[in-house]
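Heads up: the structure comes next, in structure tokens.
In what follows, chains carry the letters A, B, and so on, assigned in the order in which the sequence lines appear, proteins first and then strands, with residues in each chain numbered from 1. Keep in mind the model is a prediction, meaning the values are calculated, not measured.
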There are 2 protein chains.
Amino acid sequence: MKIVNETVNIDGIDKEILRSLMNDARRPILEIARKIGISGAAIHQRLRKLEESGLISGSRFIINPRILGYTTMAFIGIYLDKAIRNPEAVKQLKEIPEVLECHYTTGNWSILIKILCKDNEHLMELLNHKIQSIEGISRTETFISLHQQIERQIQL
Amino acid sequence: MKIVNETVNIDGIDKEILRSLMNDARRPILEIARKIGISGAAIHQRLRKLEESGLISGSRFIINPRILGYTTMAFIGIYLDKAIRNPEAVKQLKEIPEVLECHYTTGNWSILIKILCKDNEHLMELLNHKIQSIEGISRTETFISLHQQIERQIQL
DNA sequence: ATTGAAATGGAGCGGTT
DNA sequence: AACCGCTCCATTTCAAT
């Protein structure tokens with residue numbers, strides 16, 4: 001396993017390019033070029049370097065789950081009966097598509113997950129029939145997000 | 001305020017298009033067209049409709065904060081001395097760029113935030129000098145994410 | 001709702017400063 | 001590093017089905 005721990009220096013122009021594309025991945029390179037006053041080829045070259053450095057890890061269309069009827073987001077703290085069971089439990093959690101994030105955390109729980117459901121009933125069903133039936137999971141604590149007030153990436 | 005609560009029906013072709021662009025927002029439309037066997041113009045039109053429906057809420061370059069030296073992610077549960085102070089507290093939290101998410105939650109806390117810091121020292125500094133000095137915040141509980149094992153959007 | 005064709009403009013490369 | 005000029009290809013629109 002290669003450890004990539006190196007940090008990288010980016011200048012103001014890199015930041016402008018990245019900020020632009022972090023807000024709209026399909027913005028044309030040439031449009032950015034005109035705005036910041038350098039050539040398209042220069043941006044092209046900078047993007048190549050930023051990709052090589054690992055700073056850019058891809059691009060995504062963002063979809064709004066509300067429109068598909070997913071309106072209930074929750075965080076669930078999970079207690080494992082033995083911490084060593086973590087890898088198996090995570091493997092099972094991966095099989096539940098509603099689980100969007102899974103963190104191995106310090107503190108009370110072994111695992112903290114973020115989950116997105118259609119409604120409270122759906123959440124309850126997942127808790128009772130999928131999550132709590134995973135071997136090794138002894139107990140859970142659920143926190144429903146009534147409203148997400150901030151959602152962003154790191155700022156440059 | 002317009003309430004957009006309507007759900008939308010998408011067919012298998014929409015799903016293929018979206019799945020493709022959710023993994024790589026800059027994949028050429030024509031490449032997708034060739035793969036699934038319809039014309040570029042058809043995809044173009046479908047994307048227009050999906051945007052109008054609100055299902056697509058944009059596209060983003062994803063940057064890897066590790067490369068900038070941000071290696072410590074944590075969740076912080078926040079107790080407010082009066083729940084009514086939520087709007088002010090959130091306003092202040094927005095001013096802290098390291099705060100990536102902020103949720104108004106049921107359960108013990110009023111607020112749950114996700115925060116990304118360079119290291120533990122940076123986290124401690126933010127807790128002591130920024131977060132806990134926000135008026136209305138009485139107490140916090142911090143959970144460090146030692147490892148994020150799942151990170152994804154909803155599946156189509 | 002999809003198609004093909006046409007116009008416009010962007011992507012990406014090589015040579016140059 | 002950046003620029004220019006070039007070729008190739010994608011995007012987008014439109015009339016037609």
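Rounded to 10°, the helix from dA1(C)-dT17(D) to dT17(C)-dA1(D) has 30° between the axis fitted to its first five pairs and the one fitted to its last five.
The two residues A89(A) and I134(A) come nearest to each other via the heavy atoms CA-CG2, 4.1 Å. Contact record, L93(A) with C102(A): CD1-SG, 4.2 Å, taken as the closest heavy-atom pair. Nearest heavy-atom pair, L156(A) versus K15(A), reported as atom, atom and distance to 0.1 Å: C-CD, 4.0 Å. In plain terms, the two heavy atoms of R27(A) and I32(A) that are nearest each other are CD-CG1, 3.8 Å. Taking all atoms of both residues into account, the shortest heavy-atom contact from M22(A) to I154(A) is CE-O, 3.5 Å.
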Name the atoms and distances for all side-chain donor-acceptor pairs under 3.5 Å in residues 121-128 of chain B, with sequence neighbours left out.
residue: H122(B); atom: ND1; partner: K118(B); partner atom: N; Å: 2.8
residue: H122(B); atom: NE2; partner: E98(B); partner atom: OE2; Å: 3.1

Which atom pairs, one a donor and one an acceptor, fall under 3.5 Å between side chains of residues 140-149 of chain A and the rest of the protein, sequence neighbours left out?
residue: T140(A); atom: OG1; partner: Q132(A); partner atom: NE2; Å: 2.7
residue: E141(A); atom: OE1; partner: W109(A); partner atom: NE1; Å: 3.3
residue: E141(A); atom: OE2; partner: Y79(A); partner atom: OH; Å: 3.0
residue: S145(A); atom: OG; partner: H103(B); partner atom: ND1; Å: 2.9
residue: Q148(A); atom: NE2; partner: I150(A); partner atom: O; Å: 3.1
residue: Q148(A); atom: NE2; partner: E151(A); partner atom: OE1; Å: 3.3
residue: Q149(A); atom: NE2; partner: N86(B); partner atom: OD1; Å: 3.0

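With sequence neighbours excluded, no residue forms a ring-ring contact (aromatic ring centres under 6.0 Å, His included) with Y104(A).
When each of G40(A) and R26(A) is assigned the nucleotide of DNA chain D bearing its nearest heavy atom, the one mapping closer to the 5' terminus is G40(A).
Heavy atoms of R48(A) sit nowhere under 4.0 angstrom from any nucleic acid atom. Looking at heavy-atom distances under 4.0 Å, L30(B) makes contact with a base. Base contact: A41(A) has a heavy atom under 4.0 Å from a base atom. Within 4.0 Å of Q45(B), counting heavy atoms only, lies at least one base atom of the nucleic acid.
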- Message: Would D11(A) and R46(A) count as a side-chain contact (heavy atoms from CB on, under 4.5 Å) here? Give the steps.
- Response: CA-CA 10 Å; D11(A) 66 12; R46(A) 280 167 178 270; 2.9 Å; yes
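Salt bridge status for E101(A) with K114(B): present, with a side-chain N to carboxylate O gap under 4.0 Å. Under a 4.0 Å N-O distance rule, the pair R48(A)/E52(A) qualifies as a salt bridge.
The span of DNA chain D lying next to chain A, judged by atoms under 4.0 Å from heavy atoms, is bounded 5' to 3' by dA1(D) to dT11(D). From the 5' end on, the contacts that DNA chain C makes with chain A at under 4.0 Å to a non-hydrogen atom open and close at dG10(C) to dC13(C).
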